[in-house]
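Right, one structure below, let's go through it.
Residue numbers start from 1 in every chain, and the chains themselves are labelled A, B, ... in the order their sequence lines are given, proteins ahead of strands. Values reported hereafter were calculated over all heavy atoms of this structure, with side chains retained and with hydrogens, waters and symmetry mates removed. As the structure is a prediction and not an experimental result, all values here were calculated from the model.
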Amino acid sequence: MQFANSLVVLDFETTGLSPAQGDRAIEIGAVRLVNGEVVDEFQGLMNPGFRVSGFIENYTGISNSMLVDAPSCEEVMQQFADFIGDDHLLAHNASFDKKFLDAELANIGRDYSGTFFCSLLTSRRIFQTAINHQLSTLVKHINIPPTGQYHRALFDAQMTAQLWLAILADIRDRYGIDQLSFAQLAKLQKTAKKDVDKLLQNMIYH
DNA sequence: TGCCAGGCCCTCTTTAGGGCCTT
């Protein structure tokens with residue numbers, strides 16, 4: 001059984017919501033979690049080749065003047081593909097970050113072999129009483145003092161990593177499960193909320 | 001010209017609609 005001991009936790013800032021509509025990445029931030037600790041990190045601004053909107057400048061704090069001298073998406077994503085290696089991946093609302101990772105890596109003819117996991121889907125199942133499941137709300141929910149600026153890629157990746165560790169700690173505290181396999185995590189994030197308790201109870205014995 | 005994401009998930013559901021999340 002392959003335990004989920006190593007993951008790359010990543011977050012993109014982008015020019016918009018959809019690469020299919022022409023949006024590009026403008027920043028990637030990531031940390032590598034190994035055995036519950038952050039052992040490495042990656043951060044890079046990238047020039048998408050066109051001006052970003054005022055909305056995105058305000059939302060992210062990343063201005064056009066910060067991007068004009070930044071390396072290209074292609075250059076940064078080459079480095080990031082090397083950083084990912086063969087690790088599995090995690091993001092908050094992974095469907096969003098996966099769209100951009102797939103699009104940006106396709107641009108440079110690169111790929112990745114790992115599976116994407118989602119802290120949003122998992123937190124909806126484990127922290128069912130949270131007011132909502134935005135990253136910032138969940139960080140408050142788990143009593144982690146935020147020490148940076150949300151909507152910047154590295155900080156959001158760092159907070160997502162802390163959220164993930166809190167999810168694993170909650171599972172350990174409530175069910176006595178010390179380690180979950182990638183297959184078990186995949187099953188958990190697809191299980192209906194009402195069935196999560198039974199699923200984890202059963203995992204104790206398998 | 002006008003429009004513009006998309007996957008998940010709940011429910012007053014499944015012959016559907018709308019809120020939540022991400023930028």
**Study point:** Under-4.0 Å side-chain N/O to phosphate OP1/OP2 contact, H151(A) with dT23(B)
**Key:** yes

Review point. Of the candidate nucleotides dT22(B), dG6(B), dC8(B), which contains the atom at the shortest distance from the side chain of R124(A)?
Key: dC8(B)

Check your understanding: Contact class for Q21(A) (heavy atom, under 4.0 Å): base, sugar-phosphate, or nothing?
Key -> base

**Study point:** V76(A) vs F42(A) side-chain heavy atoms within contact, under 4.5 Å
**Key:** yes

Exercise for review: Fit a plane to each ring of F116(A) and Y112(A), take the angle between them on a 0 to 90° scale, and name the class: parallel (under 30°), tilted (30 to 60°) or perpendicular (over 60°).
Suggested key: perpendicular

Review point. Tell me: NE2 of H92(A) to P of dT22(B), nearest whole Å?
Key: 5 Å

Revision key, fill the gap. Here the distance between atom C1' of dC10(B) and atom CD of Q128(A), to the nearest Å, is 13 Å

**Study point:** Nucleotide of dG6(B), dT23(B), dC20(B) approaching F55(A) most closely (side-chain heavy atoms)
**Key:** dT23(B)

Review point. F116(A) has an atom CZ; how far is it from atom P of dT22(B), in whole Å?
Key: 15 Å

Practice item. Take atom C1' in dC10(B) and the same atom in dT14(B), then report the distance between them in whole Å. Key: 13 Å

Point to revise | Atom-pair distance (CG on L10(A); C1' on dT23(B)), nearest Å | key: 14 Å

Practice item. Starting from the 5' end of DNA chain B, give me the residue, F12(A) or A192(A), whose nearest nucleotide shows up first. Key: A192(A)

Review point. Which part of the nucleic acid does N132(A) contact within heavy-atom distance under 4.0 Å: base, sugar-phosphate only, or nothing?
Key: sugar-phosphate

Review point. With rounding to whole Å, what would you report as the distance between dT23(B) and dG7(B) at their C1' atoms?
Key: 15 Å

Check your understanding: Is there a donor in the side chain of D23(A) and an acceptor in the side chain of T14(A), or the other way round, less than 3.5 Å apart?
Key -> no

Check your understanding: To the nearest Å, how far apart are K98(A) NZ and dG7(B) C1'?
Key -> 12 Å

Review point. Just wondering, more than 12 heavy atoms not from Q149(A) lying within 6.0 Å of its CD?
Key: no

Study note, to complete from the structure: Of the candidates dC8(B), dT22(B), dG7(B), the side chain of N93(A) sits closest to dT22(B)

Check your understanding: Side chains of E74(A) and N107(A): donor-acceptor distance under 3.5 Å anywhere?
Key -> no

Study note, to complete from the structure: Out of dC21(B), dT23(B), dG6(B), minimum distance to the side chain of A20(A) belongs to dG6(B)

Point to revise | Side chain of D11(A) - closest among dT23(B), dG6(B), dC21(B) | key: dT23(B)

Study note, to complete from the structure: Against the side chain of I56(A), the closest entry in dG7(B), dT22(B), dT23(B) is dT23(B)

Exercise for review: Remember a base hit wins even if backbone is also touched, and classify I26(A) as base, sugar-phosphate or nothing at under 4.0 Å, heavy atoms.
Suggested key: nothing

Check your understanding: Which word best sums up how the rings of F155(A) and Y150(A) line up, parallel for under 30°, tilted for 30 to 60°, or perpendicular for over 60°?
Key -> perpendicular

Review point. At under 4.0 Å between heavy atoms, what does T60(A) touch on the DNA or RNA strands: base, sugar-phosphate, or nothing?
Key: sugar-phosphate

Review point. What interatomic distance, in whole Å, is found between C1' of dG17(B) and the corresponding atom of dC12(B)?
Key: 11 Å

**Study point:** Nucleotide nearest D156(A) (side chain, heavy atoms from C-beta), chosen from dT23(B), dG6(B), dC8(B)
**Key:** dT23(B)

Check your understanding: Just checking N58(A): base, sugar-phosphate only, or nothing, at a heavy-atom cut-off of under 4.0 Å?
Key -> nothing

**Study point:** P gap between dT13(B) and dG18(B), integer Å
**Key:** 14 Å

Exercise for review: Ignoring hydrogens and angles, tell me if any N or O in the side chain of Q158(A) forms a donor-acceptor pair with the backbone of V31(A) under 3.5 Å.
Suggested key: no

Exercise for review: Please determine if a side-chain N or O atom of H133(A) lies less than 4.0 Å away from the OP1 or OP2 oxygen of dC21(B).
Suggested key: yes

Check your understanding: Nearest nucleotide by nearest heavy atom, which residue falls closer to the 5' end of DNA chain B, Q134(A) or K99(A)?
Key -> K99(A)

Study note, to complete from the structure: With the side chain defined as heavy atoms from C-beta on, K193(A) is closest, among dC10(B), dT23(B), dG6(B), to dC10(B)

Point to revise | Separation of the P atoms in dG6(B) and dG2(B), to the nearest angstrom | key: 22 Å

Review point. Between dC3(B) and dC21(B), how far is it from one C1' atom to the other, in whole Å?
Key: 23 Å

Practice item. To the nearest Å, give me how far apart CG (L101(A)) and C1' (dT22(B)) are. Key: 15 Å

Review point. If the P atom of dG19(B) is compared with that of dC4(B), how far apart are they to the nearest Å?
Key: 16 Å

Check your understanding: OP1 or OP2 of dC9(B) less than 4.0 angstrom from a side-chain nitrogen or oxygen of R125(A), does that happen here?
Key -> yes

